[in-house]
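Excluded from the calculations below are hydrogen atoms, water molecules and symmetry mates; all remaining heavy atoms, backbone and side chain alike, are included. Worth saying up front: this structure is predicted, and the values here are computed from it rather than measured.
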Amino acid sequence: MKLVVVSAGLSVPSSTRLLADRLAAATGRYTSVDVQVVELRDLAVEIAHNFTSGFPGRALSAALEAVTEADGLIVVTPVFSASYSGLFKSFFDVLDQDALTGKPVLIAATGGSARHSLVLEHALRPLFAYLRAVVVPTAVYAASEDWGAEGLAERIDRAAGELGRLVEGLGSGVGAGAGAVRRADVADTADAAETADASVVVDTDTAAAIAPRALDGALASADRFTVIPFEQQLAALRP
């Protein structure tokens, strides 16, 4: 598994980088990982130039390629003005809009006060949902008082376990539940749902139950998921 860690910490040493390293190490306890760290602090100038020139520099290009080709991501940002940092957002602004489609992502943040913990749900999760990434359920926030206190290690371990299992499930096509699919299947169904007019993505067992006549043999396909246009669902339910 190729795991890329994106850290937006600015200081040296950085609590943001420390949290990123702990999350990566914890993920390695659940699955075999090859970790690459992208320090956005080192790319700040090239990111700014990319906005004005439209072309990434050599280091930024390598970082963007690493993120695009990763099997999973850990992204960690410090909290600035109750949101992610401008540097963090700028990096994902210059990333290709389809690069994260179907990619497992663990989101995390650091801040001086526990009052900023909702940045994970109000800022980071919506951002990566927009980018069509698959964000693990547990997000990790570390305030200054969390370091060395009870609870942080457990949250790190839980989030890392979710990321490890998700990457393995999407990579192999088999996982803990019947809905586990390859990452390509997630991307394909996401694209299909966008292009189909009022379509619904459901697993094939559900599709057979709600609209058997609408499938027309589609269930013979090896794919676990089927996109059924809403009009076909209505037609199948009419007497």
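When all heavy atoms of Val79 and Ala109 are compared, the closest pair comes out as CG2-CB, 4.2 Å. Closest heavy-atom contact between Gly111 and Tyr141: CA-OH, 3.2 Å. Heavy-atom minimum distance, Gly102 versus Leu170: O-CD1, 3.8 Å. What you find for Ala99 and Lys103 is that their closest heavy atoms are O-CE, 3.3 Å. Across Ala82 and Val119, no two heavy atoms sit closer than the pair O-CG2, 3.9 Å. Nearest heavy atom pair, residue Ala143 against residue Ala114, reads CB-N, 3.6 Å.
Cluster membership check: Val12 does not share its hydrophobic cluster with Leu40, using side-chain heavy-atom separations under 4.5 Å among Ile, Leu, Val, Met, Phe, Trp and Tyr. In this structure, Val135 is not a member of the same hydrophobic cluster as Leu163, with clusters built from ILVMFWY side-chain heavy atoms closer than 4.5 Å. A continuous path of ILVMFWY side-chain contacts below 4.5 Å connects Leu23 to Val167, so both sit in one hydrophobic cluster.
A heavy-atom distance below 4.5 Å is not found between the side chains of Val94 and Pro56. Side-chain atoms of Gln36 and Val5, non-hydrogen and from C-beta on, never get closer than 4.5 Å to each other. Looking at Arg155 and Asp146, their side chains come closer than 4.5 Å, going by heavy atoms from C-beta outward. Using a 4.5 Å heavy-atom threshold, the side chains of Leu10 and Leu87 count as touching. Using a 4.5 Å heavy-atom threshold, the side chains of Tyr30 and Asp157 count as touching. Between Ile74 and Thr27, the closest side-chain pair of non-hydrogen atoms falls below 4.5 Å. Taking the side chain as every heavy atom from C-beta outward, Val140 and Leu19 approach each other to under 4.5 Å. Two residues are said to be in side-chain contact when any heavy atoms from C-beta on lie closer than 4.5 Å; Phe128 and Leu106 fail this criterion.
A donor-acceptor pair under 3.5 Å is absent between the side-chain atoms of Ser113 and the main chain of His116, judged by distance alone. A donor-acceptor pair under 3.5 Å is formed between the side chain of Asp71 and the backbone N or O of Lys2. Panel note: side chain Arg125, backbone Pro137; a donor-acceptor pair is recorded below 3.5 Å. Checking side-chain atoms of Ser53 against main-chain N and O of His49 turns up a donor-acceptor pair under 3.5 Å. Side chain of Glu69 to backbone of Ala66: no donor-acceptor contact under 3.5 angstrom is found.
A salt bridge between Asp98 and Arg132 is present, with a side-chain N of the basic residue lying under 4.0 Å from a carboxylate O of the acidic one.
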Derivation and outcome, side chain to side chain contact (heavy atoms under 4.5 Å, CB included), residues Val67 and Leu95: CA-CA 9 Å; Val67 168; Leu95 184 69; 4.0 Å; yes

Test log, rule side chain to side chain contact (heavy atoms under 4.5 Å, CB included), inputs Val76 and Val6: CA-CA 6 Å; Val76 192; Val6 178; over 6 Å; no

Residues Asn50, Leu60; criterion side chain to side chain contact (heavy atoms under 4.5 Å, CB included); working and verdict: CA-CA 9 Å; Asn50 195 135; Leu60 177 58; 3.5 Å; yes

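Side chains of Thr110 and Thr16: a donor-acceptor N/O pair is present below 3.5 angstrom, by distance only.
Counting non-hydrogen atoms of neighbouring residues, nucleotides and ligands closer than 6.0 angstrom, the CD atom of Glu121 exceeds 12 such neighbours. Atom CZ of Phe55 is surrounded by 12 or fewer heavy atoms from other residues, nucleotides or ligands within 6.0 Å.
Taking the six-membered ring for Trp and the full ring otherwise, Phe80 and Tyr84 have centroids separated by 6.0 Å or more.
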